[in-house]
Each structure stands twice: as structure tokens, then as C-alpha cells.
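Here, residue 1 is the first one in the sequence, and each next residue gets the next number. Keep in mind that this is a model prediction, so the values were computed, not measured.
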Amino acid sequence: MKRAFGSILYERRKEANLTQVDLAKKSGLSQSAISRLESGYRWPVLRTLKALGKALGTDLGKLVKMIGDEFDKPDAQRWRSLNDDEGVG
């Protein structure tokens, strides 16, 4: 599952014409964190997803929908309706 997210992140980053360093700067993450996410060694928490979505110009709901569609998880429905400000406490 982690590798599937990494593939999604890699594809979105390439579509945005960003290097890992560029995405790290835009998201506030380190380049090594981006690398670990893309390679499947790390799974993003909600805060990380929000930062990546913002940096890639994709709202959180769309990013999570891509992940949910990829995994076809039953609980993906709950995430599909989120926007950047809902559900974060």
C-alpha cells in the first residue's frame, strides 16, 4: 500500500514539473521525507497529506480520493468529502 501512495506522489510531482527538492521546499518537508514517501518507506499522516496537496495544487479531498481509489478501501468514502479545513483538530 505504501508503494502505491509513493507512485501517486511521484506521478503528481512529475506532472507538476517539480523535483523532490522543489516539492520539499513547497511543502515544508525535507527532501529525504519526500524520497521515503515516494519509495514506500514512509506513510503520510494527515498533516503531511495537507502539505503535499497544497504544494501540488491539489486539495486534500482530491489527493485522498486518488489514494482511496487506488486502494479501493471501504473507509475511503469518509476521506473523499474532506477539504483542507475539515476533520483536523
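- The minimum heavy-atom distance between S27 and I34, with the atom names listed, is OG-CD1, 4.2 Å.
- When the side-chain contact (heavy atoms from CB on, under 4.5 Å) test is applied to K26, the partners found at least two apart in sequence or on another chain are L18, A55.
- For E15, the salt bridge (charged side-chain N to carboxylate O under 4.0 Å, His left out) criterion is met by R12, not counting sequence neighbours.
- Heavy atoms only, all atoms of each residue included: Q20 and R13 are closest at N-NH1, 3.4 Å.
- Under the 4.5 Å side-chain heavy-atom criterion for Ile, Leu, Val, Met, Phe, Trp and Tyr, L56 and Y10 are members of distinct hydrophobic clusters.
- No donor-acceptor distance shorter than 3.5 angstrom exists from the side chain of S35 to the backbone of Q31, with no hydrogens or angles considered.
- Put simply, V21 and L9 are part of two different groups of oily side chains (I, L, V, M, F, W, Y) that touch within less than 4.5 Å, one to the next.
- With sequence neighbours excluded, the residues forming a side-chain hydrogen bond (donor to acceptor under 3.5 Å, both in side chains) with T19 are D22, listed by chain and number.
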_I'd like to know whether T58 forms a side-chain contact (heavy atoms from CB on, under 4.5 Å) with L52, so could you lay out the CA-CA distance, the side-chain angles of the two residues, the decisive distance to 0.1 Å, and finally the verdict._
CA-CA 8 Å; T58 301; L52 291 170; over 6 Å; no

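- Judged as a side-chain hydrogen bond (donor to acceptor under 3.5 Å, both in side chains), and not counting sequence neighbours, the contacts of S30 are S32.
- With hydrophobic clusters built from ILVMFWY side chains whose heavy atoms lie under 4.5 angstrom apart, L37 shares a cluster with L46.
- For the atom pair CG (L29) and CZ (R47), the distance works out to 10.0 Å, reported to the nearest 0.5 Å.
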